[in-house]
Q: 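This is the structure I have questions about; it appears just below.
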Amino acid sequence: MDEIRVRIAPSPSGNLHIGTARTALFNYLFARKNGGKYVLRIEDTDAERTSQAYIDNIFDSLKALGLNWDEGPDVGGEYGPYTQSERFDIYPKYAQILLDKGFAYECYCTPEELEAEKEEAAKNKQAYVYSKKCENLTEEQKEKLKAEGRKPAIRFSVSKAQQAFHSSPVIHFNDLVKGDLHQDTSLIGDFVIMKSNGTPTYNFAVVVDDMLMKISHIIRGEDHISNTFKQILIYEALGADVPKFGHLGMILAPDRSKLSKRHGATAVSEFVEKGYLTEALLNFVALLGWSPSDGVEIKTLDEIAQDFRIGEVSSSNSIFEYDKLNWMNGQYIKKMDIKKLTEMAKPFLKKYDLSELSEEQLEKVIAATREPITILSELEHDTAYFFGKDIEYDEGVKAENIDTEQAQNILKYFDSQLDSYDFDNEEKLHEQMADFRTYFKENYGIKPKVTMWTIRAALTGRTRGADMGVILEVLGKDKVKYRIEKAIA
RNA sequence: GCUCCCAUCGUCUAGAGGCCUAGGACACAUCCCUUUCACGGAUGCGACAGGGGUUCAAAUCCCCUUGGGAGUACCA
């Protein structure tokens, strides 16, 4: 096992979760940094909870994030198929090997019997461990049970595997991020590896797949630590090399509970719909657990991959706070190519008739409004006054910035000068506006700031917004005149 | 309940015994820049969970307590 191979193995029982995205990212980074392969496998053994829409969402989200896989369901690869439901015929073979080696046995217990065992354990305040009552069934007993119509599940004999490969019931492994981890296997009950319906359980399917796909390093969430001990035993029982494991802390909500819809978005696609850029999302999520050696936090995927070391990843949980994500998203919005950004902004501007503006004008609008925003959805509000004929006034703006005597004078004068302004010449218009401000400053002592504020209020209904030059230019003389005259009482 | 993991500013983190009167980023506050708002810049506020050890020396190592998280399925 010298080739480095990692995988991301999402279960399509929901859209791609931000936590899964981070796990995918760290696997991707590890593969890139170490010249390995990164594979995608879909774990859909539970048909009940799987849907094609989720599979599509997972593919799309991963691609949008730039986490492209070297092998996977769509691109194929040497070790396919990469969808578990297409591998159902291979698990029984390995279960049989375990049966033959004596590391597994058939279990004919009914759900009711199992339930009774659990209740008994709970009553005695004992940790539940399967009773092993089916471990030594004779052939006659099995036949009898089968005759009753019972279908067996296959259980893994934890104690037999432990005794065969470890001198102590307490087994250890060296985790890539957490270091030495241990568990007393006598506390692990003989668990089911093949359900009575013939499908594998998670713990069995992952091992078989990871083994067959020659996965060398398994990087995943720490919620899998307890599974790891079971999996190590299966690898050993199968006679396979045990891969290296690395467990990442979880991503928690600000209240330290599991991140759920109640805290806002959880799926990558939801973040995108809200106006987050996948680049920012990815960069942000990388910082949850990992930190750059040079202190520069805004980095491309490639840059992060260069600097990534799995052993330096934080082993504790981290909380998902929007503040920094928002800031980072804003940074990406400011730096993004304007044409690309304009394209991305369009879905957020559905409310408006975009045909009012040329592509060039729209770009100007976006360029002028991108600065203060943090997420794309803010664009709808911030660009409102560029569309339509009439505008809505923010609260208080009319009374404070338009209806005063001074404001009215400014507006009237502006209106009288309008015809002489050259809206087709950016530079000239800029000069003319400067003259306009100077006029009020020199003749009436009105600060340029106030003069501009008045015009802005009349034109946009607000006291904050894009650069005045851009507003004038994009609106054009007719609209400007219309709004100014409307503001004059 | 049992088992496992984790523990530095509000949050993300740097820190692998002396370089730490603990550094950076976000957020927050103030100031500067500016034709508005913003961007940007500067400054400030702000943490080693608690208690025991080990050591000449501990945020860094050990133990206990507390707190948080995870697992405990014929879910993945």
Q: Distance check needed: B/rC2 P versus A/Y130 OH, whole Å only.
A: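 Rounded to the whole Å, the gap is 25 Å.
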Q: Is A/S316 close enough to B/rC5 that one of its side-chain N or O atoms is under 4.0 Å from OP1 or OP2 there?
A: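 No, A/S316 has no side-chain N/O under 4.0 Å of OP1/OP2 on B/rC5.
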Q: Determine the Euclidean distance between corresponding P atoms of B/rC45 and B/rG10; express it in Å to zero decimal places.
A: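 Each nucleotide's P atom is 14 Å from the other's.
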Q: Quick one: what's the B/S/- string for nucleotides 67-76 of chain B, heavy-atom cutoff under 4.0 Å, read 5' to 3'?
A: --SSS-SBBB
Q: Can you find a side-chain donor-acceptor pair between A/T228 and A/R220 that sits under 3.5 Å?
A: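 Short answer, yes.
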Q: Only pairs with both distances under 3.5 Å count, Watson-Crick or wobble alike; so what is the partner of B/rU3 in this structure?
A: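 Base-paired to B/rA70.
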Q: Find the distance A/E321:CD to B/rU13:C1' and express it as a whole number of Å.
A: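 From A/E321 CD to B/rU13 C1': 14 Å.
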Q: Considering Watson-Crick and G-U wobble pairs with both distances under 3.5 Å, what does B/rA25 pair with?
A: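 Here B/rA25 is engaged in a pair, and the nucleotide opposite it is B/rU11.
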Q: Would you indicate what A/G289 reaches in the nucleic acid, counting non-hydrogen atoms under 4.0 angstrom: base, sugar-phosphate, or nothing?
A: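 If one applies the 4.0 Å heavy-atom cut-off, A/G289 turns out to touch the sugar-phosphate alone, with no base involved.
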Q: From CG of A/D180 over to C1' of B/rC61, roughly how many Å is that when rounded to an integer?
A: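 Distance, rounded to whole Å: 16 Å.
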Q: Mark yes when over 12 heavy atoms from residues, nucleotides or ligands other than A/K151 sit less than 6.0 Å from its NZ; otherwise mark no.
A: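 12 or below, so no.
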Q: In B/S/- notation, 5' to 3', how is nucleotides 23-34 of chain B contacted by protein heavy atoms closer than 4.0 Å?
A: -BBSS-------
Q: Would the base of B/rU36 count as contacting A/R456 through its side chain, where contact means a donor and an acceptor less than 3.5 Å apart?
A: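 Checked by distance alone, the answer is yes.
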Q: For A/H430, answer base if it contacts any base atom (sugar-phosphate contacts may also be present), sugar-phosphate if it contacts only those atoms, and nothing otherwise; contact means non-hydrogen atoms under 4.0 Å.
A: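 Base contact.
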Q: Should A/R464 and A/D394 count as an ion pair when the cut-off is N to O under 4.0 Å?
A: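 Not counted as a salt bridge, because no side-chain N and carboxylate O are separated by less than 4.0 Å.
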Q: Given the C1' atoms of B/rA27 and B/rA47, what is the spacing between them in whole Å?
A: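 Roughly 15 Å separates the two C1' atoms.
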Q: Consider only side-chain N and O atoms of A/S315 and A/H247, and report whether a donor and an acceptor are under 3.5 Å apart.
A: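 Distance-only check fails for A/S315 and A/H247.
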Q: In whole Å, measure the gap between the P atoms of B/rA70 and B/rC26 for me.
A: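 These two P atoms come out 30 Å apart once rounded.
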Q: Given that both distances must come in under 3.5 Å, which nucleotide forms a Watson-Crick or G-U wobble pair with B/rA16?
A: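 Base-paired to nothing in any strand shown.
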Q: Taking B/rG17 as the reference, what is the distance to B/rG24 when you measure between their C1' atoms (whole Å, please)?
A: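 Their C1' atoms lie roughly 23 Å apart.
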Q: Go ahead and name the base partner of B/rA38; Watson-Crick or wobble counts if both distances stay under 3.5 Å, otherwise write none.
A: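 With both distances under 3.5 Å required, B/rA38 matches none.
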Q: Just the rounded figure in Å: distance from C1' of B/rC12 to CZ of A/R22.
A: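 Those two atoms, CZ and C1', are 11 Å apart.
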Q: Would you indicate what A/G249 reaches in the nucleic acid, counting non-hydrogen atoms under 4.0 angstrom: base, sugar-phosphate, or nothing?
A: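 Contact class for A/G249: none.
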Q: Considering every strand and a 4.0 Å limit on heavy-atom distances, what is the contact class for A/Q331: base, sugar-phosphate, or nothing?
A: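 Since only primed, P, OP1 and OP2 atoms lie under 4.0 Å of A/Q331, the category is sugar-phosphate.
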Q: With a 3.5 angstrom cut-off on both distances, give the Watson-Crick or G-U wobble partner of B/rA58, or none if there isn't one.
A: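 B/rA58 is paired with nothing.
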Q: May I ask you to verify whether the side chain of A/H182 and the base of B/rU3 hold a donor-acceptor pair under 3.5 Å?
A: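 Flag unset: no donor-acceptor pair detected.
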Q: Using the C1' atom as the point on both nucleotides, what is the distance between B/rA25 and B/rU8, in whole Å?
A: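 That atom pair is separated by 15 Å.
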Q: Centroid separation under 6.0 Å, is that true for the rings of A/Y94 and A/F204?
A: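 Not close enough - the centres of the two rings lie 6.0 Å or further apart.
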Q: Salt bridge or not for A/R150 and A/E113, using N-O below 4.0 Å?
A: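 A salt bridge is present here (some side-chain N lies under 4.0 Å from a carboxylate O).
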Q: Over 60° means perpendicular and under 30° means parallel, so tell me whether A/Y421 and A/F414 are parallel, tilted or perpendicular.
A: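 Tilted: the ring planes of A/Y421 and A/F414 meet at 30° to 60°.
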Q: Could I get the full list of side chain to side chain donor-acceptor pair (under 3.5 Å) partners for A/S157, not counting sequence neighbours?
A: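 In terms of side chain to side chain donor-acceptor pair (under 3.5 Å), with neighbours along the sequence ignored, A/S157 is linked to A/E135.
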Q: Using the P atom as the point on both nucleotides, what is the distance between B/rG44 and B/rA22, in whole Å?
A: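 About 13 Å, rounded to a whole number of Å.
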Q: Checking contacts here: which listed nucleotide (B/rC5, B/rU11, B/rA38) is nearest the side-chain heavy atoms of A/L181?
A: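 Nearest to the side chain of A/L181 among the choices is B/rC5.
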Q: A/Y108: which residues meet the side chain to side chain donor-acceptor pair (under 3.5 Å) condition with it, sequence neighbours left out?
A: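 A/E106.
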Q: With ring centroids as reference points, do A/W327 and A/Y322 lie under 6.0 angstrom apart?
A: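 Aromatic pair excluded; centres sit 6.0 Å or further apart.
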Q: How close or far is atom P of B/rU13 from atom CG of A/N283, stated in whole angstroms?
A: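 After rounding, the reported distance stands at 14 Å.
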Q: When we call it a touch if two heavy atoms are under 4.0 Å apart, what does A/K334 touch: a base, just sugar-phosphate, or nothing?
A: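 Sugar-phosphate contact only.
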Q: Given the P atoms of B/rA38 and B/rA59, what is the spacing between them in whole Å?
A: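 Between the two P atoms, the distance is 42 Å.
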Q: For residues A/F284 and A/F320, establish whether the separation of their ring centroids is below 6.0 Å.
A: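 Centroid distance A/F284-A/F320: below 6.0 Å, so yes.
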Q: Can you measure A/H381 atom NE2 to B/rC37 atom C1' for me and round it to whole angstrom units?
A: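 Those two atoms, NE2 and C1', are 12 Å apart.
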Q: Measure CD/A/E431 against P/B/rU35 and give the value in whole Å, please.
A: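 Going from A/E431 (CD) to B/rU35 (P), I get 16 Å.
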Q: Over how many whole Å does the gap from A/I471 atom CD1 to B/rU35 atom P extend?
A: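 Whole-Å distance recorded here is 16 Å.
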Q: If the P atom of B/rA73 is compared with that of B/rA57, how far apart are they to the nearest Å?
A: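 Taking atom P in both B/rA73 and B/rA57, they lie 49 Å apart.
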Q: If you find the nucleotide of RNA chain B closest to A/Q183 and the one closest to A/I319, which residue's nucleotide is nearer the 5' end?
A: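 Comparing both residues, the 5'-ward one is A/Q183.
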Q: Give a yes or no answer on whether the side chain of A/Q306 reaches the backbone of A/E303 with a donor-acceptor pair at less than 3.5 Å.
A: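 Side chain of A/Q306 to backbone of A/E303: no pair is present.
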Q: If the cut-off is 4.0 Å, is A/Q126 near the phosphate of B/rU3, judged by side-chain N/O to OP1 or OP2?
A: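 For B/rU3, OP1/OP2 do not have a side-chain N/O of A/Q126 under 4.0 Å.
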Q: Tell me every residue that passes side-chain contact (heavy atoms from CB on, under 4.5 Å) with A/I375, counting only those two or more places apart in sequence or in another chain.
A: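 Result, side-chain contact (heavy atoms from CB on, under 4.5 Å) vs A/I375: A/Y276, A/N326, A/N329, A/S377, A/E378.
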Q: Using a heavy-atom distance cut-off of less than 4.0 Å, which residues of residues 432-442 of chain A contact RNA chain B?
A: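 Listed by number, they are A/R437.
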Q: Compute the centroid of each ring, for A/Y413 and then for A/F440, and state whether the two points are separated by less than 6.0 Å.
A: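 For A/Y413 and A/F440, the ring centres are under 6.0 Å apart.
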Q: Given A/Y202, which partner from the list A/E43, A/H224, A/K230 fulfils the side-chain hydrogen bond (donor to acceptor under 3.5 Å, both in side chains) test?
A: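 Only one of A/E43, A/H224, A/K230 forms a side-chain hydrogen bond (donor to acceptor under 3.5 Å, both in side chains) with A/Y202, namely A/H224.
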